[in-house]
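Throughout, protein chains are lettered first and strands after them, A, B, ... in sequence-line order, and every chain is numbered starting at 1.
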Number of protein chains: 2
Amino acid sequence: METTSLTIPRYRHVYNRLREKIQDGVYQPGDVLPSENVLCERYELTRPTIRQSLSELVKDGLIIKQKGVGSIVQKPKTGIGILNIRSTTSSFPKGTLSTRVIESPTVGEWPSDMAFDIEDDLREAGCVSLSRVRSLHDTAVFYERTYLPNINLPRFTQRKFEDKSLFKTLAKHYDIHVTGGKQKIRAMKADAHTAQMLLLHVGDPILQLEKEYTTNRNKYLFYASLWCNTDNYYLEGAL
Amino acid sequence: METTSLTIPRYRHVYNRLREKIQDGVYQPGDVLPSENVLCERYELTRPTIRQSLSELVKDGLIIKQKGVGSIVQKPKTGIGILNIRSTTSSFPKGTLSTRVIESPTVGEWPSDMAFDIEDDLREAGCVSLSRVRSLHDTAVFYERTYLPNINLPRFTQRKFEDKSLFKTLAKHYDIHVTGGKQKIRAMKADAHTAQMLLLHVGDPILQLEKEYTTNRNKYLFYASLWCNTDNYYLEGAL
DNA sequence: CTAACTTGCCTGTCTATACAAGTGAAATGG
DNA sequence: CCATTTCACTTGTATAGACAGGCAAGTTAG
């Protein structure tokens, strides 16, 4: 019997609430969040749990903590927040990012020029790939190709990703949660295809990211390649 | 009275030990680290403390954790590990990275084109800047300019950074520890000066990083600009 | 021999508590 | 009025223990 853990951890619940309040402007940049002890009372949790929520906000760069002072809300990012682990869509305020699906999910082979080594199990299972272009304020900012192992993903190729994020789809329908990963970054010249996708000229400098995501499912990794136009927007992230 | 905290936290001590053992090959890639309970006994600490050490190793991408299995050692990075918070020198095995000082620490003004807003206090204090070129296997991989506020840094301009890292110098002589930060990344064409530093041609695609570091000292921030040649080495980091 | 079950080990989550140490404002004393 | 001390509040570090849930190997029943 598969016992999917549909209960989200409490620290994540608090993280979500606080993040909403920061992104909605309830807590303004420069403000100090309620102290850890106050949050303990408010959410009826103990301090280690609250601290775990706050440390996730630090990871995202939404707050910084100062000993003897508190948790200070940071100014929202002006660039593209895809350096950290959150899904792309959740890195932007609602409505600012638009997505165009170039290639719907298709079953096929793994690409030959993967930036990461993949295990034989995954290679044999084959690969589901899709590609999208994301735009910010009507300028194409990045072109993304995602590769997932074709294991236990019933009806995946028929799903739509227009409005939903891939991360949420994986979580909701397949109980797959991203737990971590690695990335590689380099600068390169745009080739013909990428230039077309990002509305640039061939040879323009673009930024390439290769990502490997680990999940709660043992040995289930998936991959994404991104090409970014950074003429107007930096990539941003916390250290 | 200044009471400098010269005792390092225990979780950091364990982190350092484990990291040494991983980088020295005592624990090989694919190996499972001793379980948390075993580490508790070995270092005579409790599990939350051990877990904090391990979570730092996860941040660095040195291990990943798998529920029901353990902490699995990852393959060492083949690229440049400057996306995370560690100092540049500590991101490389000893002896692989060479540093050439282009401009020794000099007191002057802040640059006019800073990627981050700086507070008035810092601006008025003036700025100490230095620049270095770092090479990996005889190829120049990045050119780095560092900017520090000129506050309480006696004899700083006379110090040498040839062999020591800036992070260690700040920690040892001034008790300044880096606690976090932000970064911005973009792709651009090399200008004349950068091309000369990195032995490239003008117009070649290079990667630019702007970093803002926060420290344990209240309101003491410092900054670094990096230009990277990613022709041969990716930038790598954990998510 | 194979499939189902049991068991032990492992990490993930959470509680309850304690003390150390940094910060800033209020109280105090000259 | 100003400098110093005190104090309340904050986060940082650490202990001790509990229960859940994933994983793999060994055991047992068919």
Side-chain angles (χ1 to χ4, degrees), chain A residues 1-16 18 31-58 63-73 121 152 175-180 214-220, chain B residues 1-16 18 31-58 63-73 175-180 214-220:
Chain A
M1 181 59 195
E2 276 193 46
T3 64
T4 53
S5 66
L6 288 170
T7 59
I8 66 165
R10 303 187 200 189
Y11 74 86
R12 183 152 291 280
H13 173 80
V14 175
Y15 161 82
N16 287 332
L18 291 174
D31 284 359
V32 177
L33 288 191
S35 82
E36 296 178 352
N37 284 319
V38 172
L39 291 174
C40 290
E41 292 177 17
R42 188 171 300 176
Y43 292 101
E44 295 182 329
L45 294 168
T46 53
R47 207 153 78 93
T49 308
I50 293 295
R51 281 177 65 77
Q52 193 164 355
S53 311
L54 292 175
S55 78
E56 304 259 311
L57 292 171
V58 171
I63 63 170
I64 61 171
K65 304 185 75 177
Q66 197 114 49
K67 194 172 175 177
V69 179
S71 305
I72 303 161
V73 178
D121 325 2
N152 279 340
D175 197 38
I176 295 175
H177 301 267
V178 174
T179 54
T214 55
T215 68
N216 58 333
R217 247 193 226 183
N218 192 7
K219 291 181 179 171
Y220 192 88
Chain B
M1 181 57 194
E2 278 194 42
T3 64
T4 53
S5 66
L6 287 170
T7 59
I8 66 166
R10 303 188 199 185
Y11 75 86
R12 182 152 291 279
H13 172 81
V14 175
Y15 161 82
N16 287 332
L18 291 174
D31 284 359
V32 176
L33 288 190
S35 80
E36 295 179 353
N37 284 320
V38 172
L39 291 173
C40 289
E41 292 177 18
R42 189 172 298 176
Y43 292 101
E44 295 181 331
L45 293 169
T46 53
R47 235 185 101 203
T49 307
I50 293 295
R51 280 176 65 76
Q52 193 164 354
S53 311
L54 293 175
S55 79
E56 304 262 310
L57 292 171
V58 171
I63 63 170
I64 61 171
K65 305 187 74 177
Q66 198 111 50
K67 194 171 176 177
V69 180
S71 304
I72 302 161
V73 178
D175 196 39
I176 295 176
H177 301 268
V178 175
T179 54
T214 56
T215 69
N216 58 333
R217 244 192 230 184
N218 193 6
K219 291 181 182 174
Y220 191 88

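Residues B:I63 and B:L18 have side chains not in contact (no heavy-atom distance under 4.5 Å, counting atoms from C-beta outward). Under the 4.5 Å side-chain criterion, counting only non-hydrogen atoms from C-beta, A:T49 is not in contact with A:V14. With a 4.5 Å cut-off on side-chain heavy atoms, A:N216 and B:K67 do not count as touching.
Scanning all heavy atoms of the two residues, the minimum distance from B:P34 to B:R42 falls at CG-NH1, 3.8 Å.
Atom-to-atom, CD1 of B:I8 to P of D:dA14 comes out at 10 Å; the value is rounded to the nearest Å. Atom pair A:I50:CD1 and C:dT17:P shows a separation of 16 Å (rounding to whole Å applied). In this structure, B:E44 places its CD atom 14 Å from P of D:dA14, rounding to the nearest Å. Between the CG atom of B:L45 and the P atom of D:dA16 there is a distance of 10 Å, rounded to whole Å. Separating the CG atom of A:N216 from the P atom of C:dT13 is a distance of 11 Å, rounded to the nearest angstrom. A:Y43 has its OH atom 15 Å from the P atom of C:dC14, to the nearest Å. Rounded to a whole Å, the CG atom of A:N218 is 18 Å from the P atom of D:dG21. A straight line from NZ of B:K219 to P of C:dT23 spans 11 Å, rounded to a whole angstrom.
An OP1 or OP2 oxygen of D:dT15 is reached within less than 4.0 angstrom by a side-chain nitrogen or oxygen of B:T49. Contact annotation: B:Y11 reaches the phosphate of D:dT13 (side-chain N/O to OP1 or OP2, under 4.0 Å). In terms of phosphate contacts, A:R10 brings a side-chain nitrogen or oxygen within less than 4.0 Å of OP1 or OP2 of C:dT15. Of the side-chain N and O atoms in A:R12, none sit less than 4.0 angstrom from OP1 or OP2 of C:dT13.
Residues meeting the salt bridge (charged side-chain N to carboxylate O under 4.0 Å, His left out) test with A:R10, sequence neighbours left out: none. Annotation: side chain to side chain donor-acceptor pair (under 3.5 Å) contacts of B:R217 (sequence neighbours excluded): none.
Across all strands, B:P9 comes closer than 4.0 Å only to sugar-phosphate atoms, never to a base (heavy-atom distances).
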Distances for protein N or O near nucleotides 4-11 of chain C N or O, under 3.5 Å:
unit_1	atom_1	unit_2	atom_2	d
C:dT11	OP2	B:E36	N	3.0

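At distances below 3.5 Å, not a single donor-acceptor pair connects side-chain atoms of B:T214 with backbone N or O atoms of B:T179.
The B:Q52 side chain lies nearest to D:dT13 when the options are D:dT13, C:dT15, D:dC23.
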